[in-house]
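One structure below.
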Amino acid sequence: MSTPEVTRSVLGMVLVSDIGGERTAGRIVEAEAYLKDDPASHSSRGITKRNAPMFGPPGLAYVYFTYGNHWCLNFVTAPKGHGEAVLIRALEPLEGLDAMARRRGRAAPRDLLSGPGKICQAMGIDGSLNGHPLALPPLTLLRDRWEPGEIAARPRIGISQSVDKPWRLYPVRSREWVSRR
DNA sequence: TGAGTGATTGACT
DNA sequence: GTCAATCACTCAT
């Protein structure tokens with residue numbers, strides 16, 4: 001499965017975090033693909049200490065620190081050595097709303113998980129989970145019967161290279177939970 | 001060794 | 001709409 005296909009397939013999956021004794025969960029409703037030979041991808045200029053998990057194997061979390069303030073969560077998608085991943089941009093909150101609101105310092109459900117930095121803050125995700133296998137606690141991925149329906153493909157957000165590629169995907173029915181509405 | 005940029009967010013005008 | 005927060009990395013001295 002190609003990375004854009006994986007991006008589509010993670011929409012609707014449930015991300016569960018059990019960090020600091022607090023269980024939080026949300027449904028993935030927005031994701032972006034980052035490929036090898038993609039100038040917008042951290043992997044395009046080779047392996048570094050920060051991006052090493054991005055080069056596989058698939059199923060790992062790639063968690064990086066950006067703008068001096070924020071953590072961002074990715075899922076590694078491609079075989080070892082390729083350097084491809086899916087950036088998780090927004091979730092619909094399902095469980096642990098109170099814990100997420102406390103970590104975020106604001107209560108509005110639509111402001112808990114509607115952005116990559118917000119997800120990590122609300123769910124307690126930081127660099128200690130870089131390279132973590134998503135099959136294991138405290139950060140796991142579940143599939144349930146939810147159907148995404150029609151999926152919108154748009155240019156990715158916050159980049160200056162390859163801005164024409166429509167690799168930001170979200171279910172049309174989940175638009176209220178998506179970042180930068 | 002140092003300036004510039006960045007897969008962001010929130011406060012402010 | 002503007003801008004600061006302030007870290008990892010790239011690229012140019």
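Numbers restart at 1 for each chain; the letters A, B, ... are given by sequence-line order, proteins then strands.
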Check against side-chain contact (heavy atoms from CB on, under 4.5 Å), A:D18 and A:V16
CA-CA 7 Å; A:D18 193 355; A:V16 180; 5.5 Å; no
Contact check, residues 60-70 of chain A vs DNA chain B, heavy-atom distance under 4.0 Å, returns A:Y64, A:Y67, A:H70
Considering residues at least two apart in sequence or located in another chain, which fulfil the side chain to side chain donor-acceptor pair (under 3.5 Å) criterion with A:D37?
none
Set of side chain to side chain donor-acceptor pair (under 3.5 Å) partners for A:N130, sequence neighbours left out:
none
Expressed in whole Å, how much space separates the [atom1] atoms belonging to [N] and [M]?
{"N": "B:dG10", "M": "C:dA8", "atom1": "C1'", "value": "22 Å"}
{"N": "B:dA7", "M": "C:dG1", "atom1": "C1'", "value": "23 Å"}
{"N": "B:dT5", "M": "C:dT13", "atom1": "P", "value": "14 Å"}

Which residue pairs pass the side chain to side chain donor-acceptor pair (under 3.5 Å) test with at least one member in [range], sequence neighbours excluded?
{"range": "residues 143-153 of chain A", "value": "A:R27-A:D144"}
{"range": "residues 98-108 of chain A", "value": "A:E22-A:R102, A:R104-A:Q121"}
{"range": "residues 72-97 of chain A", "value": "A:T3-A:T77, A:T3-A:E84, A:R23-A:E95, A:E30-A:R89, A:K36-A:H82, A:R89-A:S179"}
{"range": "residues 53-69 of chain A", "value": "A:H42-A:Y62"}

As a check on the pairing definition, encode DNA chain C in dot-bracket form, counting Watson-Crick and G-U wobble pairs whose two distances are under 3.5 Å, and using | for partners outside this strand.
|||||.||||||.
Just the endpoints, please: which first and last nucleotides of DNA chain C, 5' to 3', lie under 4.0 Å from a heavy atom of chain A?
C:dA5 to C:dC11
[X] to [Y] - nearest heavy-atom pair and separation:
{"X": "A:S114", "Y": "A:D111", "answer": "OG-CA, 3.9 Å"}
{"X": "A:P39", "Y": "A:S44", "answer": "O-OG, 3.7 Å"}
{"X": "A:M123", "Y": "A:G26", "answer": "CE-N, 4.3 Å"}
{"X": "A:V10", "Y": "A:I28", "answer": "O-CB, 3.5 Å"}

In residues 89-97 of chain A, which residues come under 4.0 Å of DNA chain C by heavy atom?
none
Nucleotide range of DNA chain B contacted by chain A, 5' to 3', under 4.0 Å to a heavy atom?
B:dG6 to B:dA11
Applying a 4.0 Å non-hydrogen cut-off, can you work out what A:R156 is touching in the nucleic acid: base, sugar-phosphate, or nothing?
nothing
Quick one: label A:I159 by what it contacts on the DNA or RNA (base, sugar-phosphate, nothing), any heavy atom closer than 4.0 Å.
sugar-phosphate
Nearest-0.5 Å distance, CG of residue A:L91 to CG of residue A:L15
6.0 Å
How does the hydrophobic cluster around A:W167 look, that is, which other residues are in it when side-chain heavy atoms under 4.5 Å mark a link?
A:L35
Hey, mind stepping through A:F75 and A:L141 against side-chain contact (heavy atoms from CB on, under 4.5 Å) and telling me if it holds?
CA-CA 10 Å; A:F75 301 156; A:L141 208 46; 3.6 Å; yes
Has A:S174 got a side-chain atom pairing as donor or acceptor with A:W177's backbone, closer than 3.5 angstrom?
no
